[in-house]
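To start, the structure under review is shown below, and the notes come after it.
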Amino acid sequence: MTTLDFSDLKGLFSTEKKILLTSHSNPDGDAIGSILALCQFFELHGHKVFMAVPNHFPDFLDWMPGQEKILIYERHKKKVDSLFKKSDIIFALDYNGPARIGDAKEQFINSSAIKILIDHHIDPEKSAFDRVYSNINVSSTAELVFDLMHQLAPSLINESISSCIYTGIMTDTGSFSYGCNYEKTFRIVAELYKNGIDGVKINRLVYSTFSENRLRLLGYALSQKLTVLEEFATAYIVLTKKELDSFNYQVGDTEGLVNFALSIKGIKLAVLFSERQNKIRVSFRSAGNFSVRNFALNHFEGGGHLNASGGDSYEPIDKTIENFHRLLSKYKDAIVNS
Ligand code: 5GP
Ligand code: MN
């Protein structure tokens with residue numbers, strides 16, 4: 001059980017600072033949970049805090065405390081650009097390098113603020129940050145954020161902050177089903193319950209707020225669009241833009257879908273291809289030790305974790321699937337024997 005030591009940050013926050021909290025493109029529960037927890041914490045600590053993410057986050061996070069204050073770079077470019085210039089400290093939460101924040105990358109690199117990375121992805125781009133707090137053997141970035149707060153000022157961690165941390169841990173582990181074989185994770189969760197969180201309510205708020213369209217899209221994807229290739233221990237789903245439009249697709253509507261493909265007995269690789277405006281978004285999940293991170297990194301301009309990753313294809317959808325089939329033949333043994 002290794003815990004990162006954040007004590008060297010104490011001095012930095014002993015006087016009032018202007019802080020900008022940032023997270024990655026297509027922000028998820030861990031990204032949003034981590035920035036919202038730290039925002040509340042640093043405000044209580046006496047600092048001026050702003051939050052920015054590259055693009056929209058899913059509606060199922062819109063109940064979270066403080067979410068209305070998050071600046072979306074796509075929409076508030078000018079404001080966020082000025083924050084990159086004026087802030088004393090910038091936190092990079094839940095991503096391992098500036099390439100993950102899309103168009104804000106240049107502003108980040110050019111900022112003279114002290115840049116602090118807190119993340120659980122492999123291979124952090126160390127040279128892009130002044131301080132690097134990285135540990136891949138944790139459930140989520142939210143877990144690391146909890147450690148940071150606990151070491152700086154534990155008495156400030158209230159119920160609201162704890163709910164944000166819980167959301168980060170819960171969503172990054174698929175409700176405690178992967179990436180959480182750690183005693184530490186559950187010790188932290190116990191602390192969050194001690195602080196008064198309602199885990200059952202949070203679970204409902206995040207997972208039981210489907211629109212009718214989203215639920216029907218899920219049904220359609222599973223009954224009509226799932227291809228199972230037993231020979232390759234692989235299952236995949238393809239959704240075209242036209243199909244997504246016919247279910248009035250909203251950001252986040254395909255979240256979690258790929259995991260269903262992985263729930264078939266014997267399946268070790270699951271993939272979701274979903275067609276967007278100018279690219280195909282690809283989500284990968286694996287059950288064994290086949291690294292979908294490397295697969296995404298080497299063939300889909302993406303990355304992520306050993307068992308959960310994502311990337312993009314700029315070929316048309318048919319060509320993308322054709323390429324994928326070719327890759328399956330190449331990686332067959334690695335997948336099947338993983
Ligand atoms: P998802 O399939 O849920 O979109 O992504 C799963 C995980 O893969 C994310 O938590 C993130 O860590 C990683 N990931 C997704 N897309 C990308 C990408 O385009 N680049 C990189 N480096 N990582 C990604
Ligand atoms: Mn994460």
Side-chain angles (χ1 to χ4, degrees), residues 22-38 53-58 60-61 91-103 105 117-125 128 133-146 164-180 182 185 188 206 221 236-237 239 251-262 269-274 276 278-286 291-314:
T22 68
S23 196
H24 57 79
S25 295
N26 306 321
D28 55 12
D30 192 25
I32 299 298
S34 295
I35 65 174
L36 290 176
L38 263 194
V53 294
N55 56 356
H56 292 268
F57 53 89
F60 61 75
L61 300 173
F91 276 90
L93 298 165
D94 200 38
Y95 63 97
N96 56 3
R100 292 281 288 131
I101 54 172
D103 292 342
K105 176 182 165 184
L117 174 82
I118 303 183
D119 182 45
H120 68 131
H121 293 89
I122 207 166
D123 281 345
E125 198 182 319
Y133 301 92
S134 165
N135 185 355
I136 60 164
N137 297 314
V138 293
S139 67
S140 55
T141 296
E143 194 176 315
L144 299 174
V145 167
F146 179 88
C164 296
I165 296 295
Y166 187 76
T167 305
I169 297 175
M170 183 187 81
T171 53
D172 248 29
T173 60
S175 282
F176 305 98
S177 54
Y178 49 80
C180 57
Y182 311 109
T185 304
I188 290 176
V206 171
Y236 68 88
I237 295 168
L239 291 170
V251 174
D253 278 359
T254 54
E255 189 97 16
L257 179 54
V258 63
N259 296 310
F260 285 98
L262 196 66
L269 172 66
V271 189
L272 169 68
F273 298 92
S274 105
R276 298 290 151 84
N278 54 352
K279 63 180 184 185
I280 314 294
R281 176 82 201 140
V282 198
S283 272
F284 300 98
R285 298 290 184 271
S286 66
S291 171
V292 286
R293 174 183 183 269
N294 292 343
F295 195 73
L297 194 68
N298 294 332
H299 305 291
F300 291 89
E301 301 181 28
H305 308 276
L306 175 74
N307 294 132
S309 70
D312 298 300
S313 160
Y314 295 90

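Everything quoted here is computed from the prediction, not taken from an experiment. Each ligand, and each atom within it, is numbered from 1 in the order the structure gives. Position 1 is the first residue of the sequence; numbering continues from there.
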Where is the nearest protein heavy atom to atom 20 (N) of ligand 1: which residue, which atom, and how far? Gly303 N, 3.4 Å
Can Arg281 and Ser283 be counted as having a side-chain donor-acceptor contact under 3.5 angstrom? no
Kindly say whether Ser134 contributes a backbone atom to a donor-acceptor pair with the side chain of Asp119 at under 3.5 angstrom? no
Of all the atoms in ligand 1, which lie at a distance below 4.0 Å from a heavy atom belonging to His305? 12 (O)
So, leaving waters aside, the tally of protein N/O/S atoms less than 2.8 Å from the Mn ion (ligand 2) stands at 4
Show your working on side-chain contact (heavy atoms from CB on, under 4.5 Å) between Val271 and Val292 and close with a plain yes or no. CA-CA 10 Å; Val271 189; Val292 286; over 6 Å; no
Anything under 30° is parallel, anything over 60° is perpendicular, the rest tilted; go ahead and classify His24 against His121. perpendicular
Within ligand 1, which atoms have a heavy atom of His121 less than 4.0 Å away? 11 (C), 12 (O)
How close does the nearest protein non-hydrogen atom get to atom 7 (C) of ligand 1, and which residue and atom is it? Ala308 O, 3.7 Å
Which label fits Phe295 and Phe300: parallel for a plane angle under 30°, tilted from 30 to 60°, or perpendicular past 60°? tilted
Of all the non-hydrogen atoms in the protein, which one sits nearest to atom 8 (O) of ligand 1, and at what distance? Ser309 CA, 3.1 Å
Using the test ring pair (Phe, Tyr, Trp, His ring centres under 6.0 Å), find all partners of Tyr182 that sit at least two apart in sequence or belong to another chain. none
protein heavy-atom neighbour closest to atom 10 (O) of ligand 1 works out as Asp28 OD2, 3.9 Å
Heavy-atom contacts with Ser283 under 4.0 Å: which atoms of ligand 1 show up? List them by number with element. 1 (P), 2 (O), 4 (O)
Where the side chain of Ser25 meets the backbone of Pro54, is there a donor-acceptor pair that is under 3.5 Å apart? no
Contact between ligand 1 and Arg281 is defined here as a heavy atom of the residue under 4.0 Å from a ligand atom; is it met? yes
Once the angle between the rings of Phe176 and Tyr166 is folded into 0 to 90°, is it parallel (under 30°), tilted (30 to 60°) or perpendicular (over 60°)? tilted
Check this for me: Asn298, atom CG, are more than 12 non-hydrogen atoms of other residues, nucleotides or ligands nearer than 6.0 Å? yes
Arg293 touching ligand 1 at heavy-atom level, < 4.0 angstrom: no
Does a donor on one side chain sit under 3.5 Å from an acceptor on the other, for Tyr95 and Thr22? yes
I need the nearest protein heavy-atom contact for atom 6 (C) of ligand 1: residue, atom name and distance, please. Arg285 NH1, 3.6 Å
Side chain proximity check, Tyr178 to Asn259, heavy atoms < 4.5 angstrom: yes
Look at atom 17 (C) of ligand 1 and say which protein heavy atom is nearest, naming residue and atom and giving the distance to 0.1 Å. Gly310 O, 3.4 Å
